[in-house]
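We name chains A, B, ... by the order of the sequence lines, and we start the count at 1 in each one.
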Protein chains: 2
Amino acid sequence: MVELQSLQMNSVFHALGDATRRRMLRDLAGGERTVGQLAEPFAISLAAASKHIKALESAGLIRREVRGRTHVCRLDPGPLASAHEWLNFYERFWTNRLDALDRLLREEDARQSPKSKKGDDK
Amino acid sequence: MVELQSLQMNSVFHALGDATRRRMLRDLAGGERTVGQLAEPFAISLAAASKHIKALESAGLIRREVRGRTHVCRLDPGPLASAHEWLNFYERFWTNRLDALDRLLREEDARQSPKSKKGDDK
DNA sequence: CCTATATTCAACCACATGGTTGAATTACAG
DNA sequence: CTGTAATTCAACCATGTGGTTGAATATAGG
């Protein structure tokens, strides 16, 4: 199971926290798209779109292949699946209401930064 | 099925994009927690923790009950389940690689802001 | 070569975020 | 009442984010 560390979780969820980027992902679900194609639906500059794409890329949500002068992007399944797994944990909690999950929580804790003060991953 | 609008999606994913808040959610999965209890694991001020909790609250991820002078927080299943559903859509795409999902995508589009320029939901 | 196309880079700006501290609020306990 | 405990509020600060514009960097095509 692909588990993201705290840092990657941050960037993945941050990337998803913007409607423009979610829309880009949605378009990419239809197949490969160039930077220009991804930018087209929005009333923003290409430079701005480029930044969004970089955010998606550095979160690992998409990958880029430079073909000549165009950059072709496509979805990368890994990280989103991990975010999904993360949420899945909580969904299990909610649907089952099992307090025995408390142990699982502590395991997840041990896997990550041992003393998770704010700023440890900055 | 509980579907979030773009604005709520933003706040939910934004709330999840911070390790401190994710940790708070995790603690809340163990049961009710007061503000002070939620703040305890972190080396931040109570005021800072209070802001984080407000972020979780306004994203609808937790609810607060004021009992005397203490504020008791608990998880609210709804929004996270919706975020989960959202990711689930993409997971289906990745695992199945069905381009027929394109139609579903357009439906989701119709449900949201029709001309989704950046800034529509600011 | 020259020129147009696709994309990024760099500098800048307004505003949001996450943190601080100190004062204000509210409620419980003598 | 008064003091203390739990929490928020307000003002402030540094940094990050999302946007802009104009120049730079390829690359493709006459």
Novice: Please report, rounded to the nearest Å, how far the C1' atom of C:dC15 is from the CG atom of A:Asp18.
Specialist: 15 Å
Novice: Whole angstrom is fine here: how far is it from CZ in B:Phe13 over to C1' in C:dA16?
Specialist: 20 Å
Novice: Does B:Arg74 reach the main-chain N or O of B:Glu32 with its side chain, forming a donor-acceptor pair under 3.5 Å?
Specialist: no
Novice: Nearest-nucleotide wise, let me know which of A:Val66 and A:Gly17 is further upstream toward the 5' end of DNA chain D.
Specialist: A:Gly17
Novice: Using a heavy-atom cut-off of under 4.0 Å over every strand shown, decide if B:Ser45 touches base, sugar-phosphate, or nothing.
Specialist: base
Novice: Does B:Lys54 put a side-chain nitrogen or oxygen below 4.0 Å from OP1 or OP2 of D:dC9?
Specialist: yes
Novice: Could you check whether A:Arg22 pairs with A:Asp18 (Lys NZ or Arg NE/NH1/NH2 to Asp/Glu carboxylate O, under 4.0 Å)?
Specialist: no
Novice: Which residue, B:Leu56, B:Leu28, B:Leu46, forms the side-chain contact (heavy atoms from CB on, under 4.5 Å) with B:Leu38?
Specialist: B:Leu28
Novice: In whole angstrom, give the distance that lies between atom CG of B:Leu56 and atom P of C:dT17.
Specialist: 13 Å
Novice: Would you indicate what B:Arg21 reaches in the nucleic acid, counting non-hydrogen atoms under 4.0 angstrom: base, sugar-phosphate, or nothing?
Specialist: sugar-phosphate
Novice: Closest to the B:Arg69 side chain: C:dA6, D:dC9, C:dC28?
Specialist: C:dC28
Novice: Is the shortest side-chain N to carboxylate O distance from A:Arg63 to A:Glu65 below 4.0 Å?
Specialist: no
Novice: Any donor and acceptor pair, going by atom type alone, linking the side chain of B:Arg21 with main-chain N or O of B:Ala15 inside 3.5 Å?
Specialist: yes
Novice: Separation of B:Leu46 atom CG from D:dA5 atom C1', in whole Å?
Specialist: 11 Å
Novice: To the nearest angstrom, how far is B:Ile44 atom CD1 from C:dT21 atom C1'?
Specialist: 14 Å
Novice: Would you please confirm or rule out a distance under 4.0 Å between OP1 or OP2 of D:dG16 and any side-chain N or O of A:His14?
Specialist: no
Novice: What is the distance, to the nearest angstrom, from the NZ atom on A:Lys51 to the C1' atom on D:dG16?
Specialist: 11 Å
Novice: Using atom CD of B:Gln37 as one end and atom P of D:dA5 as the other, report the distance to the nearest whole Å.
Specialist: 17 Å
Novice: Nearest whole Å is fine: how far is D:dT17 P from B:Asn10 CG?
Specialist: 15 Å
Novice: So which one's nearest nucleotide on DNA chain D is more toward 5', A:Gly68 or A:Ala48?
Specialist: A:Ala48
Novice: Kindly point out which of C:dT20, C:dG18, C:dA6 is positioned nearest to the side chain of A:Thr70?
Specialist: C:dA6
Novice: May I ask you to say what B:Ala47 touches in the nucleic acid, namely base, sugar-phosphate or nothing, with a heavy-atom cut-off under 4.0 Å?
Specialist: base
